[in-house]
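This structure is in structure tokens; I'll ask about it shortly.
Every heavy atom of this structure was used, including side-chain atoms; hydrogens, water molecules and symmetry mates were not. Given the structure is predicted, the values throughout are model-derived calculations rather than measurements.
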Amino acid sequence: MNILFWAVVLFGSCYSFWYAYYLMKDKNKLGAFGMALVGCMISGLSFMVSLK
């Protein structure tokens with residue numbers, strides 16, 4: 001269960017950073033900043049979750 005959780009967290013954060021890069025190339029800087037913030041929140045808040 002722990003490995004599945006970390007796989008989902010890693011996939012979600014990598015996807016949001018990739019999408020932020022895509023938005024940055026499309027000249028949408030505000031959207032890119034928002035998606036990068038979402039990626040940071042996914043990776044940062046995952047350390048507060050404890051699985052039982």
Item to check | Co-members of Met24 in a cluster of I, L, V, M, F, W and Y side chains, linked at under 4.5 Å | outcome: none

Next on the checklist: Quick check: closest heavy atoms across Val9 and Ile42, and the distance to 0.1 Å?
Outcome noted: O-CG2, 3.9 Å

Checklist entry - Transitive ILVMFWY cluster of Tyr22 at side-chain heavy atoms under 4.5 Å: who else is in it? => result Tyr15, Trp18, Tyr19, Leu23, Met35

Next on the checklist: Would you say that more than 12 heavy atoms from the other residues, nucleotides or ligands in this model lie under 6.0 Å from the CG of Leu45, or not?
Outcome noted: yes

Checklist entry - Under the side-chain contact (heavy atoms from CB on, under 4.5 Å) test, which residues partner Leu30, sequence neighbours left out? => result Asn28

Next on the checklist: Let me check something: do Met48 and Met41 share a hydrophobic cluster, defined by ILVMFWY side-chain heavy atoms less than 4.5 Å apart, either directly or through other members?
Outcome noted: yes

Next on the checklist: With a 4.5 Å cut-off on side-chain heavy atoms, are Phe5 and Met1 touching?
Outcome noted: no

Item to check | Closest non-hydrogen atom pair, Ser43 against Ser13 | outcome: CB-CB, 4.3 Å

Next on the checklist: With a 4.5 Å cut-off on side-chain heavy atoms, are Leu10 and Trp6 touching?
Outcome noted: no

Checklist entry - Are Lys29 and Phe33 close enough, and set up right, to give a side chain to side chain contact (heavy atoms under 4.5 Å, CB included), and what steps lead you there? => result CA-CA 6 Å; Lys29 297 199 186 309; Phe33 176 73; over 6 Å; no

Item to check | Minimum heavy-atom distance Ser16-Gly39, with the two atoms named | outcome: OG-CA, 3.0 Å

